[in-house]
Amino acid sequence: MTRYNIRETEEKWRRVWAEKRCFEVTEQGNKEKFYVLAMLPYPSGRLHMGHVRNYTLSDVVARYRRAQGYNVLNPMGWDALGLPAENAAMDNKMHPATWTYSNIEAMRAQLKSMGLAIDWSREVTTCDPSYYKHEQKMFIEFYKKGIAYRKDSLVNWDPVENTVLANEQVVDGRGWRSGVPVERRKLNQWFLKITDYADELLSALKSLDRWPEKVRLMQENWIGKSSGLQFRFDVTGSRDQIEVFTTRPDTLFGASFVALAADHPLAKKYGAGKPGYDAFIKQCQAAGTSEAAIEQAEKLGFDTGATVQHPFIPDHMLPVYIANFVLMEYGTGALFGCPAHDQRDFEFATKYNLPILPVVIPEGADPKTFQLKGEPYTGPGKLAHSGFLDGLETETAKRAAIRKIEDMDKGFGTTIWRLRDWGVSRQRYWGCPVPMVHCDACGIVPVPDDQLPVTLPEDVTFDKPGNPLDRHPTWKHTSCPSCGAQATRETDTFDTFFESSWYFLRYCDAHNDKEAFSAKASKYWMAVDQYIGGVEHAVLHLLYSRFFTRALRDCGYTVPDEPFAGLFTQGMVTHMSYKDVDGKWIAPADIQSGHNGGMFRISDNAPVTPQRVEKMSKSKKNVVDPEDILSTYGADAARLFILSDTPPDRDLEWTEAGIEGAWRYVNRLHRLVTEANAVKPSAVSSYSAATTALRRQAHQTAAGVAADIEAFHMNKAVARIRELSNAIGAFTAKDDGDRAALREAMEFMVIGMNPMMPHLAEELWSLLGHQTLLADTAWPKADPALLLADTVTIGVQVNGKVRATITLPASAGQKETEEIALADPHIVKSLEGKTVRKVIVVPGRIVNVVAG
RNA sequence: GGGCGCGUGGUGGAAUGGUAGACACACAGGACUUAAAAUCCUGAGGUCGCAAGACCGUGAGGGUUCGAGUCCCUCCGCGCCCACCA
């Protein structure tokens, strides 16, 4: 028995593909393009299984589309700027650049061992000045266009990372990386006006019909559009006004209080000095934002004693509270409460004994007698006790109330957004320098084109906290590009999401030194036809990129509105975690199973117990190193296992048994082809029934695998290949016709498995005697006649229960099917003593005999 | 609290409203072997039965239908996202 030498064979074909530059592409106007993109990796040092899954999926798509005749762009690069490099520099006394570039070397080698059909000539590294100089230019263009601006603002300050975080990077009040509670600080920062694009970013989501519904919903919620009324209350006995926003202007007549955020300017004015004020404010600021904290937090208020005038009811005054549930960041930082129709206001009013007046009456209820049943009514209805709004439906009443307020010149109908502008300033070294100069005389001056890029200084130290750029002895000192006077460089660097917001455009024209990318290249390759990555980027990266592309468009770049026409989000890779008797986590690689099924530590045979299947993480030690897998089992087995069982959008549990099973199958396929007696026969005119069945299956497999891959049902595609290989294994060739069919079936199988197991497929293709590369071979065209079965086996039911199966010609019609079904002995027996009332016949599908 | 999704054998999972459990993993039995590994063959949703077969079966309950894992309603459980959002 010949053994398949995985290592040598896989390396051989990778070498051939590289030497022949199989996957390097150029723009070819006469050929339809297909842009496959996997989210670019951060060069942390080693590939993890999530990467392997991601790039396996993108490679399946790339190789498949290539076989379908597309000009496929499948690029790779490195998201190389960011905090881990700087932290590593501090830990290891190593320059971030050294750390980053050596990581890229290591990871590139690992990636290459996966046998990916990537155009490596377009490799992009974002920390290279030849990359970031273009984004510095973009930023200056944004600035001139008013898309980039500077403002003082309260920012989320991460005290561990010593930098600002965007709202999107704060999770449950904690830094997304450091996990420590963020502080509020006022800083002068660079922002991008993503809010100007809120409406477009929201409405265009509808056009993204090849995006997961889930991701579109998440973005919709994140953008958070609310329409309503913004208006001013007059404070009694003062010229102050309190501006509030509401989505329920229809309930204004049910208002019983006004509430201010603790950090609202008027809160201090009306509350300061009153007993209990200081303590109350302190309590508000201490409140957590975690799930548990929100769940338990009581609605608390502080009565300022001030009152406001109701806009519609003369001499009706509402008390002004400071309340812990009002957010300064949302709306106007103040609201009016209508307890009868809002859960939160209801709780507040109950606690402080404020009036609860229902003004929206549900359909069918009598306005005179309607009473709340211990909870607010939030549904639609007709207005009551509401003056000029009485009798109107909720939606009509909203419009009427807005019109009235607008007539009174006290406010206006408006839309507010949850989305905030994107703060892009970071006070760290290993990022792209913001290309701006601060001049005492001229203010903020962009660095002129001919002085770009502004590069990072190399001689920096990380021994002290804070921004190394700021304390560098000379770097920030420069002259003003405008007046020539002494000036200071901006020492902030960009948020690293800046780089990943346009890298897909750079791939289109990676070596262009003059511009970020040419209009021609962008026009040909964009948009990305299939983007693949983790769902964790559903709002951050994917929203920023959609915005960034539009901002570039508005600065005159040739780009489509939407950068990613198709998106697929893959699930996580999980693994069982294990603990020893002392409760310490034990890595799977250090565990062996005992004879009785128990698990033991290899080093000392101490028993270990499985915990749970969870995301691979260093802390739980349940990680499997792809490099070990790739060198032990080969790339094809690893790819096959990842694709074979679990649908790509679900979490994949990595198991030893699974990868070994995949490895055995790779070997079996090799044996199947090398041991088969398949020679290229002379002309064949007719086939036996068994042989036709094999041919039929081969053609159906070619068509079915294609359909499955296009639908991202990779597990089903693999199952089809296995079915065909099982059929080939069971087939005995008796004559030349059989051998011809067998060979055809094997070729179809090899082409079909190529996207999943490219090395083995290429080897088998060569073993079948081909001089040309499988990588350059077209997907087989299935014979339509063979796709249709000549016979079908269908179930015959009696009263909905299957009592028999019958096999009949596929062409059998209604009448013939019914006759065969009713003649079946099982059916005859089942119908004994019964009267047939009705026979449902769906030819080729089912027969159901209704009898009683 | 709001939104979305998912519940199918021991396990991963298949199934345009039409034979539930494809294809695998794990398991059991057998062949080969001195033995093991590898490989090959066979079996298998559950209950009863030597078998033929019968009955039950897709989280629970109801409904629509000739026919429901699939559609509708109620409930339970799990997962993800958002969240004192006015």
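Throughout, protein chains are lettered first and strands after them, A, B, ... in sequence-line order, and every chain is numbered starting at 1. Bear in mind that the values here come from a model prediction, so they are computed numbers and not experimental data.
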Check: Which nucleotide in the list B:rC84, B:rU19, B:rC25 gets nearest to the side chain of A:I846?
Finding: B:rU19
Check: Donor-acceptor pair under 3.5 Å: do we get one between A:R845's side chain and the base of B:rU16?
Finding: yes
Item checked: Contact under 4.0 Å: A:N715 side-chain N or O vs B:rA14 OP1/OP2 -> yes
Check: Quick one: on RNA chain B, does A:A719 or A:L335 contact a more 5' nucleotide (nearest heavy atom)?
Finding: A:A719
Just the atom pairs and distances: protein N or O near nucleotides 46-54 of chain B's N or O, under 3.5 Å.
{"residue": "B:rG53", "atom": "OP1", "partner": "A:H826", "partner atom": "NE2", "Å": "3.2"}

Note to self: Does A:R720 reach a base, just sugar-phosphate, or nothing at all? Heavy atoms under 4.0 Å.
What the structure shows: nothing
Notebook entry, point to check: Are more than 12 heavy atoms from other residues, nucleotides or ligands located less than 6.0 Å from atom CZ of A:R7?
Noted result: no
Notebook entry, point to check: For B:rA86, does either OP1 or OP2 sit under 4.0 Å from a side-chain N or O belonging to A:T332?
Noted result: no
Check: What closest approach, in Å, do A:P358 and A:L372 show between heavy atoms, and which atom pair accounts for it?
Finding: CG-CG, 4.1 Å
Item checked: RNA chain B: 5'-proximal contact among A:M218 and A:E213 (nearest heavy atom) -> A:E213
Checklist line | Distance, P atom - from B:rG5 to B:rG10, rounded to whole angstrom | finding: 28 Å
Margin query: Given B:rU19, B:rA26, B:rC85, identify the nucleotide with an atom nearest to the side chain of A:V802.
Written below: B:rU19
Check: Hey, does A:P755 have a side-chain heavy atom less than 4.5 Å from the side chain of A:I709?
Finding: yes
Item checked: Nearest-angstrom distance, C1' atom, B:rG9 to B:rC25 -> 13 Å
Check: Between A:N726 and B:rA24, does any side-chain N or O lie under 4.0 Å from OP1 or OP2?
Finding: yes
Notebook entry, point to check: What interatomic distance, in whole Å, is found between P of B:rU8 and the corresponding atom of B:rG79?
Noted result: 14 Å
Note to self: Aromatic contact between A:F257 and A:F348, with the criterion being ring centroids under 6.0 Å apart: yes or no?
What the structure shows: yes
Next item on the list: Flag the pair A:Y352 / A:Y321 as yes when their ring centroid distance falls below 6.0 Å, and as no otherwise.
Entry: yes
Checklist line | Heavy-atom check, side chain of A:E818 versus side chain of A:V847, under 4.5 Å | finding: no
Notebook entry, point to check: Rounded to whole angstroms, how far apart are CG on A:D708 and C1' on B:rA22?
Noted result: 12 Å
Next item on the list: Figure out the CZ/P separation between A:R418 and B:rG3, and round it to whole Å.
Entry: 16 Å
Checklist line | Ring centres under 6.0 angstrom apart (A:F346, A:H341) | finding: no
Margin query: Can you check the distance between B:rA20 and B:rG67, where both ends of the measurement are the C1' atom (answer in whole Å)?
Written below: 14 Å
Notebook entry, point to check: What integer distance in Å separates A:Q343:CD from B:rC84:P?
Noted result: 16 Å
Next item on the list: Nearest whole angstrom, please: distance from the P of B:rC82 to the NZ of A:K214.
Entry: 12 Å
Margin query: Check this one for me: any side-chain N or O of A:R671 less than 4.0 Å away from OP1 or OP2 of B:rC40?
Written below: yes
Check: Atom NE2 of A:H670 and atom C1' of B:rA38: how far apart are they, to the nearest Å?
Finding: 16 Å
Checklist line | Side chains of A:M749 and A:L672 in contact at under 4.5 Å (non-hydrogen atoms) | finding: yes
Notebook entry, point to check: Looking across every strand, which nucleic acid part, if any, lies under 4.0 Å from A:T655 by heavy atom: base, sugar-phosphate, or nothing?
Noted result: nothing
Next item on the list: Provide the closest heavy-atom pair for A:R232 versus A:Q241 in the form atom of the first, atom of the second, distance.
Entry: CD-OE1, 3.0 Å
Notebook entry, point to check: Quick one, which residues of residues 243-251 of chain A touch RNA chain B with a heavy atom under 4.0 Å?
Noted result: A:F245, A:T246, A:T247
Next item on the list: Assess the pair A:F641 and A:W654: is the distance between their ring centroids shorter than 6.0 Å?
Entry: yes
Next item on the list: State which of B:rC82, B:rC84, B:rC23 makes the closest approach to the side chain of A:R722.
Entry: B:rC23
Notebook entry, point to check: Could you give the CD1-to-P distance, from A:I659 to B:rA26, as a whole number of Å?
Noted result: 12 Å
Checklist line | Member of A:Q219, A:K214, A:E213 meeting the side-chain contact (heavy atoms from CB on, under 4.5 Å) criterion with A:L217 | finding: A:E213
Margin query: In the structure I gave you, are the side-chain heavy atoms of A:I846 and A:I840 within less than 4.5 Å of one another anywhere?
Written below: no
Margin query: Once you measure the plane-to-plane angle for A:F336 and A:F233, does it fall in the parallel (<30°), tilted (30-60°) or perpendicular (>60°) bin?
Written below: perpendicular
Item checked: Any A:M753 side-chain heavy atom under 4.5 Å of A:L760 side chain -> yes
Check: B:rU19, B:rA26, B:rG3: which one has an atom nearest the side-chain heavy atoms of A:L217?
Finding: B:rG3
Notebook entry, point to check: Which atom names give the shortest non-hydrogen contact between A:R53 and A:P647, and what distance separates them?
Noted result: NH2-O, 3.4 Å
Next item on the list: Take atom P in B:rA24 and the same atom in B:rU42, then report the distance between them in whole Å.
Entry: 12 Å
Notebook entry, point to check: Counting just side-chain N and O atoms, does A:R344 come under 4.0 Å of either OP1 or OP2 of B:rC85?
Noted result: yes
Check: Would a distance-only check, ignoring hydrogens and angles, find a side-chain to backbone donor-acceptor pair under 3.5 Å from A:D636 to A:V666?
Finding: no
Item checked: Note, A:L831 side chain near A:V849 side chain (heavy atom, < 4.5 Å) -> yes
Note to self: Anti or syn, where syn is a glycosidic angle within 90° of 0; which label fits B:rG45?
What the structure shows: anti
Next item on the list: Using the P atoms only, state how far B:rG69 lies from B:rG59, rounded to an integer number of Å.
Entry: 10 Å
Check: Dot-bracket, RNA chain B: Watson-Crick or G-U, under 3.5 angstrom, [ ] crossing, | other strand?
Finding: (((((((..(((.....[....))).(((((.......))))).((((....))))..(((((..]....))))))))))))....
Note to self: Can you check the distance between B:rC41 and B:rC50, where both ends of the measurement are the P atom (answer in whole Å)?
What the structure shows: 30 Å
Notebook entry, point to check: Any salt bridge between A:D199 and A:K225, counting N to O under 4.0 Å?
Noted result: yes
Margin query: What verdict does the side chain to side chain donor-acceptor pair (under 3.5 Å) test give for A:Y4 and A:T674, after you've listed the backbone C-alpha separation in whole Å, the side-chain angles of each residue and the deciding distance to 0.1 Å?
Written below: CA-CA 10 Å; A:Y4 177 44; A:T674 51; over 6 Å; no
Margin query: Roughly how many Å apart are B:rG7 and B:rU16, using the C1' atom of each and rounding to a whole number?
Written below: 23 Å
Check: Can you check whether A:S617 reaches A:N622 side chain to side chain, under 4.5 Å on heavy atoms?
Finding: yes
Do any N or O atoms of the protein come closer than 3.5 Å to N or O atoms of nucleotides 10-12 of chain B, and which pairs are they?
{"residue": "B:rG12", "atom": "O2'", "partner": "A:T646", "partner atom": "OG1", "Å": "3.0"}
{"residue": "B:rG12", "atom": "N2", "partner": "A:D645", "partner atom": "OD1", "Å": "3.3"}

Scan nucleotides 64-71 of chain B against the protein and return all N/O pairs shorter than 3.5 Å with their distances rounded to 0.1 Å.
{"residue": "B:rC66", "atom": "O2'", "partner": "A:N848", "partner atom": "ND2", "Å": "3.0"}
{"residue": "B:rC66", "atom": "O2", "partner": "A:N848", "partner atom": "ND2", "Å": "2.8"}

Margin query: With heavy-atom distances below 4.5 Å as the criterion, would you say the side chains of A:I356 and A:T350 are in contact?
Written below: yes
Item checked: Criterion side-chain contact (heavy atoms from CB on, under 4.5 Å) against A:L57, the qualifying member of A:V52, A:I642, A:L643 -> A:L643
Report, one pair per line, the protein and nucleotides 56-60 of chain B atoms (nitrogen or oxygen only) whose separation is under 3.5 Å.
{"residue": "B:rC56", "atom": "OP2", "partner": "A:K801", "partner atom": "NZ", "Å": "2.8"}

